[in-house]
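Since the structure comes first, as structure tokens, the remarks are kept for the end.
Fair warning: this is a prediction, and the values are worked out from it, not measured in the lab. Scope of the values below: all heavy atoms of this structure, side chains included, with no hydrogens, waters or symmetry mates. Proteins come first, then strands; the chains are lettered A, B, ... in the order of their sequence lines, and each starts at number 1.
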There are 2 protein chains.
Amino acid sequence: MPSSQKLTRSELKHSAILEAARLEFAEHGFQNTSMDGVSARAGVSKRTLYNHFSSKEELFDKITECLWKQDDSIVYCPKRPLKQQLRQLAEKKLELMASPGYVGLARSVMGEYMRSQEMAQAAMARFEENEDGVSIWFQAAMQDKRLREGDPKMIAHQFYGLLKTFALWPQLLAHQPAPTNEERDVIIEQSVDMILAYYQQ
Amino acid sequence: MPSSQKLTRSELKHSAILEAARLEFAEHGFQNTSMDGVSARAGVSKRTLYNHFSSKEELFDKITECLWKQDDSIVYCPKRPLKQQLRQLAEKKLELMASPGYVGLARSVMGEYMRSQEMAQAAMARFEENEDGVSIWFQAAMQDKRLREGDPKMIAHQFYGLLKTFALWPQLLAHQPAPTNEERDVIIEQSVDMILAYYQQ
DNA sequence: GAAAAAGTAAACTGATGGGTGTAGTTTACT
DNA sequence: AGTAAACTACACCCATCAGTTTACTTTTTC
């Protein structure tokens with residue numbers, strides 16, 4: 001019999017808890033998730049849960065850490081058409097937003113953090129750090145004289161704003177399904193074209 | 001002595017409760033607001049509170065009703081420049097979003113309704129009904145051949161999306177202050193110009 | 001001025017839920 | 001086989017909070 005089982009029981013329990021918590025938080029949000037519920041779903045006693053994570057907050061933090069680790073950087077290429085590069089970026093972004101589990105978790109983080117001014121500011125700052133990569137791209141295109149002058153950060157914000165208007169806020173706030181592939185293409189096309197119509201020279 | 005006091009004690013209590021609840025909900029959200037807190041802030045006994053409003057939900061509904069009653073309709077005028085008309089509309093919209101108490105309440109409604117799929121959908125549907133007025137305007141401008149063909153609803157969504165990207169979501173989600181007058185003008189100018197750059201013919 | 005309507009304070013109910021303590025059982029390792 | 005670490009079941013503590021009850025006072029109204 002092959003030793004396909006390298007994980008100790010404790011490690012199995014640990015990841016079972018994480019997985020169960022991820023689902024529970026995504027379904028019910030932070031406040032409406034109970035530790036009893038998590039432990040039941042994980043098939044673990046409540047005491048074990050607390051042996052692995054000392055509080056509900058700590059568990060929540062561990063779960064949501066991955067949400068902040070996205071990479072939206074893109075290298076500006078002087079040879080390729082702007083439209084192509086922007087479209088590629090948008091595709092990457094929408095793919096993430098549509099990935100399973102992302103929306104539910106993002107929603108429960110929002111719902112929880114929105115209440116506290118500090119936490120909300122910190123969370124959104126981290127969330128929007130990802131726009132830095134794009135604003136660098138816009139700046140490069142600007143210096144290459146392919147876009148007219150403007151504030152790169154604002155342009156990035158406008159670009160992402162258009163995308164989120166159709167592919168994030170409705171899903172987050174109104175539980176709309178992720179856009180279909182056809183819808184996705186239209187959203188990307190329109191957003192890219194609109195930005196370029198305004199800024200390309 | 002003038003009879004400036006036409007309100008009965010009961011009416012005074014009633015409005016004191018409404019005002020206190022408005023503030024409490026805006027500050028702490030639905031779940032984190034307690035009926036004890038509301039009655040204390042209103043200077044009213046808890047029993048009196050319950051004599052006026054039979055449950056926390058009912059109170060919340062009464063408070064948030066006004067949030068949905070905005071009117072974004074605008075009459076298309078063939079003679080005036082499109083830019084001028086759109087700018088006027090945007091100003092009206094941003095004025096509402098910046099009005100005191102609006103953001104806090106909107107935030108607590110979001111935070112509460114987001115948890116339930118049905119309520120979230122219903123709430124957002126009502127919230128976005130206001131875009132109907134604008135899409136009718138876009139359609140009229142289209143029929144007047146001053147805009148090129150397109151889906152009026154989508155254009156309205158894009159237009160409002162740009163405005164909200166700078167003047168609603170950051171305030172709602174990240175507790176950012178409302179834009180200053182200067183910022184407001186830039187936001188409006190850019191959003192209007194971008195829409196027209198893409199759709200005007 | 002008396003009855004009816006409305007308000008008050010404070011204790012209480014019932015349910016929920018985070019977190020702990022304990023006594024006994026299972027698993028892993030030597 | 002024996003020990004330590006990890007897990008389980010479950011009772012328990014404690015705080016919060018929606019909503020109620022009671023016994024009593026104030027205001028309104030006729």
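In this structure, A:F30 places its CZ atom 13 Å from P of C:dG17, rounding to the nearest Å. Remark: C1' of D:dA9 and CG of A:D36 are 13 Å apart, rounded to the nearest angstrom. Rounding to whole angstrom units, CD of residue B:E57 and C1' of D:dG19 are separated by 12 Å. The nearest whole Å value for the distance from the CD atom in B:E24 to the C1' atom in D:dA18 is 15 Å. When the P atom of C:dT8 is taken as reference, atom CE of B:M35 falls 15 Å away, rounded to whole Å. Atoms CD (B:E58) and P (D:dA18) sit 15 Å apart, rounded to a whole Å. Between B:E11 atom CD and D:dT28 atom C1' there is a gap of 12 Å when expressed in whole angstrom units. Taking atom OH of B:Y50 as the reference point, atom P of D:dT22 lies 18 Å away to the nearest angstrom.
Salt bridge annotation for B:E131-B:K153: absent, with no cationic side-chain nitrogen under 4.0 angstrom from a carboxylate oxygen.
Out of C:dG17, D:dG19, D:dC7, the shortest distance to the side chain of B:K56 is found at D:dG19. Across D:dA9, D:dT27, D:dA18, the shortest atom-to-atom separation from the side chain of A:R47 is found for D:dA9.
Taking 4.0 angstrom as the limit, B:T48 places a side-chain polar atom (N or O) nearer than this to OP1 or OP2 of C:dT8. Between A:H52 and the phosphate of D:dC7, there is a side-chain N or O to OP1/OP2 separation shorter than 4.0 Å.
Taking for each of B:Q31 and A:S45 the nucleotide of DNA chain D with the nearest heavy atom, the 5'-most of the two is the partner of A:S45.
You'll find a donor-acceptor pair under 3.5 Å spanning the side chain of A:K46 and the base of C:dG19, going by distance alone.
Residue contacts for A:S54: at a heavy-atom cut-off of 4.0 Å it reaches no nucleic acid atom on any strand shown. Counting non-hydrogen atoms under 4.0 angstrom, A:K13 reaches the backbone sugars and phosphates but no base. Contacts of B:S10 with the nucleic acid, taken as non-hydrogen atoms under 4.0 Å apart, involve only primed sugar atoms and P, OP1 or OP2. B:T33 comes within contact range of the sugar-phosphate backbone alone, with a heavy-atom separation under 4.0 Å but no base atom that close. Within 4.0 Å (heavy atoms only), A:G43 reaches sugar-phosphate atoms of the nucleic acid but no base atom.
Within a 6.0 Å radius of CD in A:E95, no more than 12 heavy atoms belonging to other residues, nucleotides or ligands are found. A 6.0 Å sphere centred on CD of B:E118 holds no more than 12 heavy atoms belonging to other residues, nucleotides or ligands.
For A:F53 and A:H14, the ring centers are positioned less than 6.0 Å apart.
In a base pair of the Watson-Crick type (N1 to N3 plus N6-O4 or O6-N4) or a G-U wobble (N1-O2 and O6-N3), with each distance short of 3.5 Å, C:dA11 is matched with D:dT20.
Side chains of B:R80 and B:Q88: a donor on one and an acceptor on the other come within 3.5 Å.
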